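Just so it is clear, the structure is predicted and the values come from calculations on it, not from any experiment. Computed from heavy atoms alone, side chains included, the values below leave out hydrogens, waters and symmetry copies. Chain letters run A, B, ... following the sequence lines, proteins first and then strands; every chain starts at 1.
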Number of protein chains: 2
Amino acid sequence: METLRERKKQRTRDALLRTALELFVTQGYEHTTVDEIAARVDVSQRTFFRYFAGKEDAAFFVPRLTEEHYVEAVRRRPPEETPLDALRRSVMDSWDTIEQAIESYVPVELFLRTYKMIEATPALFAARLRRQAETEEEIARIIAEREGVDPDTDPRPRLVVAVFGAVIRVAERHWSVGEDFSTTAIRELTASYLDQVGPALAGNWRAGGTRPHPAAAPSTPA
Amino acid sequence: METLRERKKQRTRDALLRTALELFVTQGYEHTTVDEIAARVDVSQRTFFRYFAGKEDAAFFVPRLTEEHYVEAVRRRPPEETPLDALRRSVMDSWDTIEQAIESYVPVELFLRTYKMIEATPALFAARLRRQAETEEEIARIIAEREGVDPDTDPRPRLVVAVFGAVIRVAERHWSVGEDFSTTAIRELTASYLDQVGPALAGNWRAGGTRPHPAAAPSTPA
DNA sequence: TGTCAACTGTCAGAGGCTGTCACTAGCCTC
DNA sequence: GAGGCTAGTGACAGCCTCTGACAGTTGACA
């Protein structure tokens, strides 16, 4: 913390953020007005908009951290790994280390409730999907560079990333509506779903009495 | 067309829709106000909101048709096909028959420009992704029923549909920014991308021919 | 033709968001 | 350490989307 001015600013931003998230998760995003948030922090509505581009921007403050965290993880993967391996290990690593990256801004518990709130609020859910699309575009470029291909002529980078992202989203969706809403649970769910993509895509599920339902049982991964 | 009243209503809705789309594609979605649309049709702003839930609703009028068209196509696939086959043939069929399904509402050319406008407008792009997520949920249930599995315990239906949808989206994205913006082009692009998913997922792109990581690789069916 | 219901316009207002302007408080220099 | 500078803020006005309420108009139908 540098000057007094900066400390004051930081405190205001922090108060606005926490108050906003707290109100969003308790009484719902749509039923929370900017006036209300500003009033609780005892600043003018105008000031809220000086710190956040809008209500939505406040809601996505923490998710933004996890996105950056994930992108950084991908960037750090050793180049020998196949694209799919690199992506898989990146998400896994991210889920392992995200908690402490968040804790310095807001309590992890508040983050988890925010996450669920986003998933349950149509307007925010849509915004989230768009953000993910943007993140995927960035990651596709990283993968393309690693592999030494041109993302504008070779569709493979965008394809792997998009397919991988789709699986992640199905896992996260399941997670957000389920009961065990812990970071351990999402790790297992993600690993399990990634293992099941192959079988799910390959051929006929009904054929062969061998494996009627090889599905739902998640095997705890390494 | 039945009564005079119904004809009048239809004419108003039609005028509002076309005027809205025309303005959206020419001067941009964000720079078009509801007041402006209403003024051109010479109705009150309030009337616009009686016909459309909002600006966004008007923008998605035609895309809604194509979504329904696609879902119907999936529903009609013969049950012997594998899930992936059914999905692939459904999109292909949809693109073959969508033009005439649209033409009775708005000119196909206007639809195509609207499509591009949605893809280029962040707010609409987000809404589009959310709509697709909802459509995918519906299709996953259709697939689950065909295959006789429970979508709430078996993740495979949602996985195939999500992965398939991801590929489609990459193809459509490429289409929307490319030069050849015809329905023929999107058909070829879709087919091509679907064929490339397998190779893209499988192993190491740099190593020639061999497949060091056969793990998650699905065998792309016809 | 008169009644009823549907459709519309007008008005008022909430809520998100932006521009402007003046004022205060921290910062920095002399 | 006094005064100038500027970042940060509040107050106000205004635009735009969207909704509710009420009254007027116009087609439907007996």
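- We find that CZ of A/Arg50 is positioned 14 Å from P of C/dC21, with the value rounded to whole Å.
- When the P atom of D/dC16 is taken as reference, atom CD of B/Gln27 falls 12 Å away, rounded to whole Å.
- Judged by closest nucleotide on DNA chain D, A/Val43 is the one of A/Val43 and B/Gly54 placed further toward the 5' end.
- Salt bridge present: B/Glu138 and B/Arg75 bring a charged side-chain N and a carboxylate O closer than 4.0 Å.
- In this structure, CZ of B/Arg5 is placed 6 Å from C1' of C/dA5, rounded to the nearest angstrom.
- Surrounding OH of A/Tyr105 are at most 12 heavy atoms belonging to other residues, nucleotides or ligands under 6.0 Å away.
- Phosphate proximity of D/dG8 to A/Ser44: absent, as no side-chain N or O sits under 4.0 Å from OP1 or OP2.
- Between A/Phe48 and A/Phe52, the ring-plane angle classifies as tilted under the 30° and 60° cut-offs.
- Contacts of B/Tyr51 with the nucleic acid, taken as non-hydrogen atoms under 4.0 Å apart, involve only primed sugar atoms and P, OP1 or OP2.
- Rounded to an integer number of Å, the gap from B/Leu4 CG to D/dT26 P is 12 Å.
- Of the side-chain N and O atoms in A/Lys8, one or more sit less than 4.0 angstrom from OP1 or OP2 of C/dG26.
- Sparse packing is recorded around CD of A/Glu145, with 12 or fewer heavy atoms of other residues, nucleotides or ligands lying under 6.0 Å away.
- Using a 4.0 Å heavy-atom cutoff across all strands shown, B/Phe48 reaches no nucleic acid atom at all.
- Classification of A/Arg169 and A/Glu136 as a salt-bridged pair holds, one side-chain N sitting under 4.0 Å from a carboxylate O.
- Phosphate proximity of C/dC7 to B/Lys9: present, with a side-chain N or O under 4.0 Å from OP1 or OP2.
- A/Thr3 has a side-chain polar atom (N or O) that falls below the 4.0 Å cut-off from OP1 or OP2 of C/dC27.
- A/Glu6 has its CD atom 11 Å from the C1' atom of D/dA7, to the nearest Å.
- In terms of position along DNA chain C, the nucleotide closest to B/Asp42 lies nearer the 5' end than the nucleotide closest to the other residue of the pair A/Tyr29 and B/Asp42.
- Between A/Arg13 atom CZ and D/dA7 atom P there is a gap of 16 Å when expressed in whole angstrom units.
- Taking 3.5 Å as the limit, the base of D/dG27 and the side chain of B/Arg7 contain no donor-acceptor pair of atoms between them.
- Here the P atom of nucleotide D/dA7 and the CD atom of A/Gln10 are 18 Å apart, to the nearest Å.
- For the pair A/Arg46 CZ and C/dA22 P, the interatomic distance rounds to 16 Å; values are reported in whole Å.
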